[in-house]
Structure formats: C-alpha cells, structure tokens
J.: 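The structure that follows is given in the form of structure tokens.
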Amino acid sequence: MKLIIQIPCYNEAQTLEIALNSLPKQIDGIDTIEYLIINDGSEDDTVEVARRWGVDYVVNFRTNRGLAKGFMAGLDACLRNGADIIVNTDADNQYEGADIEKLVRPILEGRTDIVIGARPIDDTPDFSPLKKKLQHFGSWVVRKASKSTIPDAPSGFRAYSREAAMRLNVTNEYTYTLETIVQAGRTKLAMDAVPVRTNEEIRPSKLMKSMASYIKKSILTIGHVFMLYKPLQFFVTIGSVIFLLGVVVGIRFLVFYFHGLGNGHIQSLILAAILLLLGFETVLVGLLADVIASNRKILEDVQYHVRRMDYDGVRILESGGDAEKANSEKEPSS
C-alpha cells in the first residue's frame, strides 16, 4: 500500500520545509510513503528547498497556472507513480501533518473513497467573523448540491483512494475544493469528514487577496458548479423566477385593463410578455443543458476507463521491471 502526499506550491520557499517536516514518515497499514510537490511556476527557491529536503517527485509548471490545474497535475503524477492513496495538503503548514493518519484511516479500512479534513472554523483565530460565515455558507451550498454531509467544503486537506482520484475532473480554474465534492456526490463516491487541527497562520492566504475578491470568486465558483452539475435545477429555478415576475406584471396589467385603464399601461403588457418569454426560454435552456450533462456523464465514464487502462498499465509494467519510474520532472501537458 503506497501513500503519496502532494503539496501544491507557488513561491513557498520560506514555509515549505516547515510543512514537509510535519509530515508523517510512517503510518500503520501503509507500506510506503512518498512526497510530491507541484511547482506552479514559482520564482523563488521552492524546488531547491524541496529537493534538499528529499521529496520524491517534482511536477513543474513553467508559468503559474493556478491551484486547480496544479491539483489535477499532482493527481496525475501520483497515479502514474503507483499511489494507492493520495493526500493533498498545503505548503503553508496550515494543517497538522500528524492528522494525515486520521485522513487515510477510513480509506485503509475500506469505509470510504474520499476524506475531507474538517477544520475548527469557529475556533480559528486567523479567520475573521465574515470569513467564518462565508465558509459555513459555502459548505452549506456544497452540501445541498452534492447531497453530502461535509462540514468544511473549502478545506484543501483531504485524502483520495486511487479509484476516486481516477474519477475526478476539475473545470474551474480558481480552486478544486468545491467542485470535486459536488462531482463526487453526483457520481456516488463515498465521502467522509474527520476533524483536524490547524496551525497558526505563518503567511497570508494566496487564494484570498482581499475579502471582496474572495466573495466574488466564491460566488462565481458556486454558480459554476451548480450550472455544470445541476443544470436543470439551476436554469429552471432562474427561469421560474423570471416567469413568475412576468405573471405578476401581467396580472397587474389585467387589473388595470378590467378597470378601463388598460390604454395607459401598455408598457406593463410588453414587459410581462418579455418576462414570460425569457422565463420559458431559460427553462428550455435548462432542459437542453440537462441533456448535455447526460452526455458528460457518459464521457466521464469513458475517461475513467481510459485512465484506468493507462495508470494501471504503468503499474503492471513497473512491477515487471520493463519501465522506468514516470518522470514527474517534466511539465505536464495541458
């Protein structure tokens, strides 16, 4: 049983060694623990720090591509190098490395495919009151979309079984955290959450440059996830609201019309017609999007089987001694 711990990095030379030092060297039930960093176009000595420490693999991007692409490139490298379990953690030492054992235990026992580390959000002094409320709201929305019970959806401290990792896709460029939970819930992958500890903040968050930016990107991400994975519900809800507004405006016109005042409210009739038409068309878009989503499910199933042949084929070759270990030093293809 091989565990690979991956860490996305962007200019993390000052904090990476602290995070690496906290990682476990052995876990009961795990035969091999290896370490991988995703260098997301760092301009400092991140890679040199990682190599001096002794990480096993380095995935290099020549330019900064963002957390989501780095996460997926890391999964690809871990799978190609034979990982049975993959743990993702942060380079800023936000999470307590010793809790990785708590993350992998439910997977080792065969109880689940994905484990999310749930932070004590309300007891974290580095989080402002507004950020705590946003974290809770975002998690609530994701729970509704994924039909899961995950209490801390934005947490990047998580473990994946090999099977789960091969089924994941991320289309959002901002972050992978919310989308992967919704996708896992939609594909009926078993998910669980365990309470984890956090360390004192040693550098500002690179995802949240400002509260306004964080709110904007979070809203766009949640909207994108709903539109992608719940298209019928998303468009029918919007279409219904627009259609009902049209009905209200239309009823208002009829009230005036039957009181002999219709000639002065033609604008209301025109507005009602436009709103009714827009609402109906939005519902039609939802139906079309739902059909497209069905095709997406088929394509994802095909992609999963292709990945399985690809990754498991690499493992078979390596066990037979006919192939060298996958070279993760090269920049992954897009």
Side-chain angles (χ1 to χ4, degrees), residues 1-10 12 16 19-20 23-27 29-40 46-47 50-51 53-61 65-91 95 97 100-101 103-108 112-117 155-170 175-177 179-180 183-184 189 191 303-304 306-319 323-334:
M1 181 69 68
K2 178 190 282 192
L3 164 66
I4 297 183
I5 303 172
Q6 71 170 35
I7 307 178
C9 298
Y10 177 57
E12 303 288 1
L16 180 57
L20 288 169
L23 300 180
K25 303 298 187 295
Q26 60 181 26
I27 295 174
I30 300 291
D31 301 310
T32 304
I33 300 179
E34 295 180 340
Y35 311 90
L36 176 147
I37 70 159
I38 303 102
N39 173 38
D40 192 13
T46 294
V47 174
R51 285 174 173 156
W53 188 86
V55 299
D56 298 277
Y57 312 101
V58 176
V59 176
N60 267 316
F61 287 158
R65 294 189 181 181
L67 182 59
K69 288 188 180 296
F71 171 78
M72 289 303 297
L75 289 189
D76 177 75
C78 290
L79 290 168
R80 289 188 182 282
N81 285 285
D84 297 293
I85 301 176
I86 301 167
V87 166
N88 187 88
T89 188
D90 288 353
Y95 306 105
I100 287 177
E101 182 169 5
L103 287 180
V104 303
R105 188 58 54 193
I107 296 177
L108 285 172
T112 189
D113 294 300
I114 300 173
V115 183
I116 312 294
S155 171
F157 194 37
R158 46 184 66 189
Y160 297 93
S161 69
R162 184 176 181 84
E163 178 76 9
M166 284 194 286
R167 289 191 176 274
L168 292 181
N169 287 294
V170 177
T175 181
Y176 60 89
T177 54
E179 184 175 351
T180 50
Q183 187 182 58
L189 286 171
M191 286 186 289
Q303 182 188 53
Y304 163 73
V306 171
R307 283 176 171 174
R308 189 165 185 172
M309 289 187 291
D310 184 15
Y311 296 136
D312 289 351
V314 170
R315 287 217 297 189
I316 291 170
L317 284 173
E318 288 180 350
S319 64
E324 296 180 359
K325 181 174 288 188
N327 185 0
S328 298
E329 294 283 346
K330 296 181 179 178
E331 181 171 359
S333 57
S334 300

J.: Measure the CG-CG distance between Leu168 and Leu79 for me, rounded to the nearest 0.5 Å.
T.: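 Going from CG on Leu168 over to CG on Leu79, the span is 9.0 Å.
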
J.: Do the side chains of Ser161 and Leu189 get nearer than 4.5 Å, heavy atoms only?
T.: no

J.: For the CD1 atom of Ile4 and the CD1 atom of Ile85, what is their distance to the nearest 0.5 Å?
T.: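 Here the interatomic distance stands at 11.0 Å.
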
J.: Starting from the C-alpha separation in whole Å, work towards a yes-or-no answer on side chain to side chain contact (heavy atoms under 4.5 Å, CB included) for Thr89 and Leu23.
T.: CA-CA 10 Å; Thr89 188; Leu23 300 180; 4.3 Å; yes

J.: Report the distance from atom CD1 of Ile38 to atom CZ of Phe61, rounding to the nearest 0.5 Å.
T.: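 If I round to the nearest 0.5 Å, the distance is 8.0 Å.
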
J.: List for me each residue that meets side-chain contact (heavy atoms from CB on, under 4.5 Å) alongside Met72, sequence neighbours excluded, and say none if there are none.
T.: Leu75, Val170, Arg307

J.: Quick check for you: to the nearest 0.5 Å, what is the distance between Glu163 atom CD and Arg308 atom CZ?
T.: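 These two atoms lie 5.5 Å from each other.
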
J.: Less than 4.5 Å apart, side chain to side chain, heavy atoms only: is that true for Tyr176 and Asn88?
T.: yes

J.: Should the pair Tyr35 and Trp53 be assigned to parallel (<30°), tilted (30 to 60°) or perpendicular (>60°) ring geometry?
T.: perpendicular

J.: Got a donor-acceptor contact below 3.5 angstrom from the Thr46 side chain to the Glu12 backbone?
T.: yes

J.: Provide the closest heavy-atom pair for Gly97 versus Pro24 in the form atom of the first, atom of the second, distance.
T.: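 So the two residues come closest at O-CD, 3.5 Å.
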
J.: Below 4.5 Å, heavy atoms only, C-beta onward: do Leu36 and Val58 meet side chain to side chain?
T.: no

J.: Using side-chain heavy atoms (C-beta onward) and a distance below 4.5 Å, is Asp90 in contact with Tyr95?
T.: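 The answer is yes; the side chains approach within 4.5 Å.
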
J.: In terms of side-chain heavy atoms, does Gln303 have a donor or acceptor partner in Asn169 at a distance below 3.5 Å?
T.: yes

J.: So, taking the atom named OG1 in Thr112 and the one named CE in Met191, what distance separates them when rounded to the nearest 0.5 Å?
T.: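 Rounded to the nearest 0.5 Å, the OG1-CE separation comes to 8.0 Å.
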
J.: Go through it in stages, so that I can follow the logic: the residues are Asp76 and Tyr311, the test is side chain to side chain contact (heavy atoms under 4.5 Å, CB included), and I'd like the CA-CA distance, side-chain angles, deciding distance and then a yes or no.
T.: CA-CA 9 Å; Asp76 177 75; Tyr311 296 136; 2.6 Å; yes

J.: For Glu101, what residues pass the side-chain contact (heavy atoms from CB on, under 4.5 Å) criterion, not counting sequence neighbours?
T.: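 side-chain contact (heavy atoms from CB on, under 4.5 Å) check on Glu101 returns Ile27, Arg105.
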
J.: In Å and rounded to the nearest 0.5 Å, what is the CD1 to CD1 distance from Ile86 to Ile114?
T.: 11.0 Å

J.: Could you walk me through whether Thr177 and Leu67 pass side chain to side chain contact (heavy atoms under 4.5 Å, CB included), step by step?
T.: CA-CA 10 Å; Thr177 54; Leu67 182 59; 5.7 Å; no

J.: Within the distance-only criterion (no hydrogens, no angle test), does the side chain of Ser155 pair as donor or acceptor with the backbone N or O of Gly117 below 3.5 angstrom?
T.: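 Yes; at least one donor-acceptor contact below 3.5 Å.
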
J.: Taking all non-hydrogen atoms of both residues into account, name the closest pair between Arg167 and Tyr304 and its distance.
T.: NH2-CE2, 3.3 Å

J.: So Asp84 and Ile107, do their side chains get closer than 4.5 Å, heavy atoms only?
T.: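 No, side chains not in contact.
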
J.: Whether the side chain of Tyr57 engages the backbone of Glu34 through a donor-acceptor N/O pair (distance < 3.5 Å, no angle test) should be reported.
T.: no

J.: Determine whether Lys25 and Ile33 satisfy the following criterion, side chain to side chain contact (heavy atoms under 4.5 Å, CB included), listing intermediate values before the conclusion.
T.: CA-CA 7 Å; Lys25 303 298 187 295; Ile33 300 179; 5.9 Å; no

J.: Which heavy-atom pair separates Ile116 from Leu103 by the least distance, and what is that distance?
T.: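 Smallest heavy-atom distance, with atoms named: C-CD2, 4.1 Å.
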
J.: Ignoring hydrogens and angles, tell me if any N or O in the side chain of Asn81 forms a donor-acceptor pair with the backbone of Ala77 under 3.5 Å.
T.: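 Side chain of Asn81 to backbone of Ala77, a donor-acceptor pair under 3.5 Å: yes, one is there.
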
J.: Keeping the roles fixed (side chain from Arg65, backbone from Asp40), state whether a donor-acceptor pair exists under 3.5 Å.
T.: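 No.
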
J.: I need the minimum non-hydrogen distance between Gln6 and Cys78, along with the two atoms involved.
T.: OE1-SG, 3.7 Å

